[in-house]
Q: 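Okay, here's the structure, questions in a sec.
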Amino acid sequence: MRMASGLRAKLNAMKTAAPVAPKRREGGLICHVSRQRVDEAIYDLPSVGLRRIGWTGLRFDIRRCLFLDTETTGLSGGAGTVAFLVGVGYVDGAELVIEQYMLREYADEPELIDRLAARMEGFDSVCTFNGKNFDMPLLESRFTMCRMRQRWRELENLDLLYPARRAWKLRLGSCRLARLEEEILGMPREDDLPGSEVPARFFEFLKTGDETLLDDIVRHNRQDIATLATLLIRLCAVNDRPEALTDQRDQFSMGKSLERQGELKPARELYRISAIPRPAGTLAALTGEHIAGMANWRLYLLSRKSGDIEGARAALEQLLNRRQMPGQACIELSKLCEHRLKDYSGALKYAELSRRFSDGEPPEQLEKRVKRIRRKMTT
C-alpha cells in the first residue's frame with residue numbers, strides 16, 4: 001500500500017507540474033545575401049545565340065531565370081551526397097542578387113529545401129554549369145529524401161558547360177569554370193578554394209563548429225553564381241556572331257558546333273575562314289596548320305554529303321597542295337575520280353601518288369585499288 005500510494009503521489013505531482021518546453025536546437029541555416037552590378041547586356045541576349053547554346057523555350061526572360069550552383073559533401077552523387085550549400089542568383093534591376101543557404105548540421109536540410117522550393121516558385125528556367133548531370137538531379141533527390149517531392153519544380157535548364165566545351169575545348173583543353181574565367185572572361189580568381197577541397201572543409205566545420213572555415217566556401221560559391229551570369233552573356237554573343245571570332249581554333253570549333261545543329265551554311269563559312277593559312281614564320285602558322293587541315297577535311301565531307309562534286313574536289317586538292325593529310329586526300333581524290341567522275345587515269349594517278357605519304361591506305365588495300373582501276377582502264 002505504501003508503494004502504491006507513493007507512486008500515486010508521484011503521478012499527481014507530474015500532472016500538476018508546469019509543462020516542460022521542448023528542447024530547442026540552436027543554429028538553423030546560415031543565410032547570406034549579397035548584391036553586385038550586372039552587365040546590362042544580360043537584358044538583351046540575342047535569340048539566335050540563346051538557341052544555339054541550348055535554349056528550347058519559346059521566349060527567354062532573364063527576370064524569370066534562376067542562376068544556381070551547389071556545394072556538396074561529395075562529387076559523385078548518390079543517395080549519401082548532400083548539398084550543404086545552395087547558391088542562387090537572379091537579376092533585379094541593374095543588380096544580381098545572390099542568396100546562399102548553408103547547413104549548420106544535417107538536421108537543417110529540410111529548412112534548406114523549404115527555402116529553395118519557395119525561391120524556385122518564382123522562376124521558369126535555371127542556368128547552371130553541369131547542372132543537368134549533377135546539381136539538379138541531386139537536388140531533386142534531396143527533395144524526395146526530405147519528403148518534399150511535391151514541391152520540386154521542373155525548370156528548363158540552360159546548362160552552360162556544353163556550349164562552353166563546344167566553343168573553347170579545342171583551345172583550352174579543360175573547360176572548368178575557373179579556367180573559363182581566366183582565359184575567356186579575363187577575370188582570374190585569387191586565393192580561391194579548389195572545389196575538390198570543399199567537402200573536407202565542411203566536414204571540419206561539423207567537427208569544430210568554427211564558422212570561419214566556411215568563409216572560403218561561401219566566397220567560392222558566390223563567385224560561381226556571378227560567373228554564370230557573365231558567361232551566359234559571352235556565350236550568347238559568341239554564338240550569335242561566330243564570324244567575329246579571331247582565334248583559328250575557336251572558328252573551327254564553332255563551325256563544328258553549327259554543323260551538328262544543322263546550320264551548314266555558316267558552318268562552311270567558319271571552316272573556310274579557319275582554313276586560311278596564317279603568316280609564315282608565326283606561332284599561329286606552326287600551331288594552325290593542323291586546324292586548317294581539319295577545316296578543309298570538314299569542307300570536303302560537307303561538299304560530298306550535299307553532292308557538290310566540284311566543291312569536294314577543290315577541298316581535297318587544297319589538302320594535297322598544303323600537305324594537310326595528303327595521303328588521305330590522295331585516296332579520296334582517287335575514289336572521286338573512279339566512282340563519280342569515271343576518270344580512271346586520274347584515279348590511278350592519285351592512288352599511285354598516295355604511296356609517297358604515310359597517312360594513306362594500308363599497302364595491301366592500296367594494291368587492290370590500283371589493280372581494280374587498271375582493269376577498268378583496259379575494258
Side-chain angles (χ1 to χ4, degrees), residues 41-42 44-58 60 65 125-134 156-186 227-276 278 284 287-306 308 311-312 315 318-319 324-325:
I42 204 165
D44 193 28
L45 299 175
S47 58
V48 171
L50 278 165
R51 174 177 55 78
R52 286 174 174 172
I53 69 172
W55 176 252
T56 59
L58 296 177
F60 181 80
C65 179
S125 61
V126 61
C127 182
T128 63
F129 195 81
N130 198 30
K132 284 185 178 179
N133 286 331
F134 187 77
E156 180 160 0
N157 193 339
L158 192 57
D159 194 329
L160 303 187
L161 172 62
Y162 305 102
R165 282 178 174 170
R166 292 194 296 268
W168 298 304
K169 186 176 181 179
L170 181 61
R171 172 155 62 101
L172 301 182
S174 169
C175 282
R176 293 179 299 106
L177 203 55
R179 186 73 188 278
L180 294 174
E181 287 174 341
E182 182 174 358
E183 299 293 337
I184 303 301
L185 304 179
T227 295
L228 284 175
T230 306
L231 184 60
L232 174 61
I233 295 171
R234 179 63 60 86
L235 277 169
C236 284
V238 165
N239 280 267
D240 184 53
R241 296 188 63 248
E243 67 278 2
L245 291 167
T246 57
D247 190 285
Q248 184 182 20
R249 294 160 294 185
D250 296 348
Q251 293 165 347
F252 176 76
S253 295
M254 286 304 303
K256 285 186 67 177
S257 178
L258 293 177
E259 181 185 350
R260 288 171 184 158
Q261 296 181 55
E263 298 190 56
L264 302 186
K265 184 176 180 180
R268 282 193 184 93
E269 181 59 19
L270 286 166
Y271 288 147
R272 186 193 66 78
I273 294 172
S274 60
I276 297 174
R278 272 41 183 178
T287 59
E289 197 62 22
H290 178 62
I291 303 298
M294 291 193 298
N296 276 319
W297 183 257
R298 298 305 306 177
L299 283 171
Y300 158 64
L301 293 177
L302 283 176
S303 296
R304 186 182 70 178
K305 186 175 181 179
S306 65
D308 180 7
Q318 189 86 281
L319 283 164
Q324 299 164 344
M325 306 162 61

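Values reported hereafter were calculated over all heavy atoms of this structure, with side chains retained and with hydrogens, waters and symmetry mates removed.
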Q: Give a yes or no on whether a salt bridge exists between R179 and E182, defined as a side-chain N under 4.0 angstrom from a carboxylate O.
A: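 Salt bridge absent between R179 and E182.
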
Q: If you define the side chain from C-beta out and look only at heavy atoms, does anything of I184 sit under 4.5 Å from L172?
A: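 Yes. Closest side-chain heavy atoms under 4.5 Å.
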
Q: Could you state the interatomic distance from CH2 (W55) to SG (C127), rounded to the nearest 0.5 Å?
A: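 So the gap between those two atoms works out to 10.5 Å.
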
Q: Does the side chain of S125 come within less than 4.5 Å of F60's, by heavy atoms?
A: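 In short, these two side chains touch, coming nearer than 4.5 Å.
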
Q: Looking at every heavy atom in both Q248 and I291, which two are closest together, and how far apart are they?
A: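 Smallest interatomic distance, heavy atoms only, reads CG-CG2, 3.7 Å.
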
Q: Short question: side chain of E156, backbone of T56 - any donor-acceptor pair under 3.5 Å?
A: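 Flag set: sc E156 to bb T56 pair under 3.5 Å.
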
Q: For the CZ atom of F129 and the CG atom of D159, what is their distance to the nearest 0.5 Å?
A: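 Nearest 0.5 Å value for the CZ-CG distance: 8.0 Å.
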
Q: Can you find a heavy atom in the side chain of W168 that is under 4.5 Å from one in the side chain of R249?
A: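 Not in contact.
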
Q: Please report the interatomic distance CD1(I42) to CG(D44), rounded to the nearest 0.5 Å.
A: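 Going from the CD1 atom of I42 to the CG atom of D44 covers 11.5 Å.
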
Q: May I ask you to check whether T128 and N157 show a side-chain donor-acceptor distance below 3.5 Å?
A: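 Yes.
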
Q: Over all heavy atoms of both residues, which pair between M254 and P242 is shortest? Give the atoms and the distance, please.
A: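 It is CB-CB, 4.1 Å.
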
Q: L301 versus W297: any side-chain heavy-atom pair under 4.5 Å?
A: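 L301 reaches W297 side chain to side chain.
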
Q: Is there a side-chain contact between I233 and T230 (heavy atoms, below 4.5 Å)?
A: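 Sidechains of T230 and I233: no contact.
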
Q: Give the minimum heavy-atom separation between G54 and L158, together with the two atoms involved.
A: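 Reported closest heavy-atom pair: C-CD1, 3.9 Å.
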
Q: So, taking the atom named CZ in R234 and the one named CG in L160, what distance separates them when rounded to the nearest 0.5 Å?
A: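 Spacing of CZ (R234) from CG (L160) equals 13.0 Å.
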
Q: Verify, without hydrogens or angle tests, whether D240 (side chain) and C236 (backbone) share a donor-acceptor contact under 3.5 angstrom.
A: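 No; zero donor-acceptor contacts below 3.5 Å.
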
Q: State which residue, out of R52, R298, K265, fulfils the salt bridge (Lys or Arg N to Asp or Glu O under 4.0 Å) condition with E259.
A: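 Checked R52, R298, K265 against E259; only one passes salt bridge (Lys or Arg N to Asp or Glu O under 4.0 Å): R298.
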
Q: When you measure from the side chain of S257 to the backbone N and O of S253, does any donor-acceptor pair fall under 3.5 Å?
A: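 Answer holds: no.
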
Q: Could you give the distance from CG (L245) to CZ (F252), rounded to the nearest 0.5 Å?
A: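 Output value for this atom pair is 14.0 Å.
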
Q: Is the closest side-chain heavy-atom distance between I53 and V238 below 4.5 Å?
A: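 Not touching, per the 4.5 Å side-chain cut-off.
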
Q: Please assess E181 against T227 for the test side chain to side chain donor-acceptor pair (under 3.5 Å), listing each intermediate value before the final yes or no.
A: CA-CA 7 Å; E181 287 174 341; T227 295; 2.2 Å; yes

Q: At their closest point, which heavy atom of L319 faces which heavy atom of G293, and how far apart are they?
A: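 So the two residues come closest at CD2-O, 3.4 Å.
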
Q: Nearest heavy-atom pair of L270 and G255: which atoms, and what distance?
A: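 Reported closest heavy-atom pair: CD1-N, 3.7 Å.
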
Q: Can you tell me if Y162 and R166 form a side-chain donor-acceptor pair at under 3.5 Å?
A: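 There is no such pair (donor and acceptor under 3.5 Å, judged by atom type) between the side chains of Y162 and R166.
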
Q: Apply side chain to side chain contact (heavy atoms under 4.5 Å, CB included) to residues L264 and L302 and explain how you reach the verdict.
A: CA-CA 8 Å; L264 302 186; L302 283 176; 3.9 Å; yes

Q: So, taking the atom named OG1 in T246 and the one named CD in Q251, what distance separates them when rounded to the nearest 0.5 Å?
A: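 Answer rounded to 0.5 Å: 7.0 Å.
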
Q: Can we say E263 and R268 salt-bridge, meaning some charged N sits less than 4.0 Å from an Asp/Glu carboxylate O?
A: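 Result for this pair is no, no salt bridge flagged.
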
Q: How far apart are the closest heavy atoms of C175 and L161, and which atoms are they?
A: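 Nearest heavy atoms, C175 then L161: O-CD1, 4.3 Å.
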
